[in-house]
Amino acid sequence: MNRAAGRTRAAAARSPHSSPTGGAIVSASAVTPPTYWHEMDSPVGALLLIGHRDALTRVHFQAGPQPLRPRAQWLPAAGPFAQVLSQLGEYFAGTRRAFRLRLAPTGTPFQLSVWQALREIPYGQTTSYGELARRLGQAGAARAVGLANGSNPLPIIVPCHRVIGADGSLTGFGGGLYIKRALLALEGAACATDLFSAPRPANAGEGVAPGDATRASGS
């Protein structure tokens, strides 16, 4: 086999046809699809939605400690998020327990495996970081699982709020412990203790009450 043919075959081997999340991987020469954003109100404060026309890539708690400013090249539009807005509204109203959305998070293979495991935690139930690590076949990786959990770009939809400390404490949460407690309360999850204070920030919503979907609709 000559060197040119070898290089061609090697390049082909480096071009997989599917990603760990099941979506097609476009070639490097393909045009990057535009990124859209939309900010919706919710019972736990404003949520910034980011994604492409056919997939959601990020949900950010604007009422949390680090609100995110949309980048100049992102396009403001509610249309691409119609299904997201509808399903989040149903979730906050207490009528939806699982999301059926196309997601496209960006992460390492380990992070993607943790985020997939999060989606398998049933509504209204909680698990610990250690137990989640055991489910992934990596019993000694509780800390790494915690870091991946904290890097989850799609909170609520990928329910990282359902992971708590082994002693029942809420532990950390990117949007703030107040939001984590509110989401677990909405789902009726039993949390034994909260070892950390979780004051409600001034710009947060009033909390989640099943049946109150008015704040969860898109603006």
Could you give the distance from CD (Gln116) to CD (Gln111), rounded to the nearest 0.5 Å? 14.5 Å
Measure the spacing between CH2 of Trp115 and SG of Cys160 and express it to the nearest 0.5 Å. 10.5 Å
Below 4.5 Å, heavy atoms only, C-beta onward: do Tyr91 and Ile157 meet side chain to side chain? no
Which is it for Thr35 and Gln73 under the side-chain contact (heavy atoms from CB on, under 4.5 Å) test, yes or no, and what are the steps along the way? CA-CA 8 Å; Thr35 297; Gln73 66 268 33; over 6 Å; no
Within-4.5 Å side-chain heavy-atom neighbours: Leu154 and Asn152: yes
What verdict does the side-chain contact (heavy atoms from CB on, under 4.5 Å) test give for Leu88 and Met40, after you've listed the backbone C-alpha separation in whole Å, the side-chain angles of each residue and the deciding distance to 0.1 Å? CA-CA 10 Å; Leu88 280 172; Met40 66 171 283; 3.6 Å; yes
Show the nearest heavy-atom pair for residues Thr126 and Ala189, with the distance to one decimal. CG2-CB, 4.0 Å
Using every non-hydrogen atom in the two residues, find where Gly174 and Pro65 come nearest and quote the distance to one decimal. O-CD, 3.4 Å
Residues 44-66 vs ring pair (Phe, Tyr, Trp, His ring centres under 6.0 Å), sequence neighbours excluded, gives Phe61-Phe173
Not counting sequence neighbours, list each pair that qualifies as a salt bridge (charged side-chain N to carboxylate O under 4.0 Å, His left out) and has a residue in residues 135-148. Glu131-Arg135
Under the salt bridge (charged side-chain N to carboxylate O under 4.0 Å, His left out) rule, what pairs show up with a residue in residues 44-58, not counting sequence neighbours? Asp54-Arg102
Go through the structure and list residues passing side-chain contact (heavy atoms from CB on, under 4.5 Å) with Ala98, not counting sequence neighbours. Arg100
With sequence neighbours left out, the residues meeting side-chain contact (heavy atoms from CB on, under 4.5 Å) with Ala144 are Phe110, Ala141
Please walk me through it: do Thr127 and Ile164 pass side-chain contact (heavy atoms from CB on, under 4.5 Å)? CA-CA 6 Å; Thr127 191; Ile164 62 177; over 6 Å; no
Could you tell me which residues satisfy side-chain contact (heavy atoms from CB on, under 4.5 Å) with Ser86, sequence neighbours excluded, listed by chain and number? Glu90
Rounded to the nearest 0.5 Å, the CZ atom of Phe81 sits from the NE2 atom of His38 at a distance of 8.0 Å
Got a sec, which residues hit side-chain contact (heavy atoms from CB on, under 4.5 Å) with Pro34, two or more places apart in sequence or on another chain? Tyr36, Leu75
Would you mind listing every ring pair (Phe, Tyr, Trp, His ring centres under 6.0 Å) that reaches into residues 121-153, with sequence neighbours excluded? none
Spacing of CG belonging to Leu47 relative to CD1 belonging to Ile156, to within rounding of 0.5 Å: 5.0 Å
Please check this pair: side chain of Lys180 against backbone of Thr171, looking for a donor-acceptor N/O pair closer than 3.5 Å. no
If you group Ile, Leu, Val, Met, Phe, Trp and Tyr whenever their side-chain heavy atoms sit less than 4.5 Å apart, what else falls in with Trp74? Trp37, Leu48, Ile50, Leu68
Residues 146-165 vs salt bridge (charged side-chain N to carboxylate O under 4.0 Å, His left out), sequence neighbours excluded, gives Arg162-Glu187
Among all residues two or more places apart in sequence or in another chain, which pass the side-chain hydrogen bond (donor to acceptor under 3.5 Å, both in side chains) test with Arg97? none
Close side-chain approach of Pro105 and Val158, heavy atoms under 4.5 Å: no
I need the Leu101 CG to Leu56 CG distance, nearest 0.5 Å. 7.0 Å
OG of Ser113 to CG of Leu136: how many Å apart, nearest 0.5 Å? 5.0 Å
Could you walk me through whether Val114 and Leu132 satisfy the side-chain contact (heavy atoms from CB on, under 4.5 Å) test, starting with their C-alpha distance in whole Å, then the side-chain angles of each, then the deciding distance to 0.1 Å, before giving a yes or no? CA-CA 8 Å; Val114 171; Leu132 196 61; 4.3 Å; yes
Tell me which pairs pass salt bridge (charged side-chain N to carboxylate O under 4.0 Å, His left out) where either residue lies in residues 105-128, with sequence neighbours left out. none
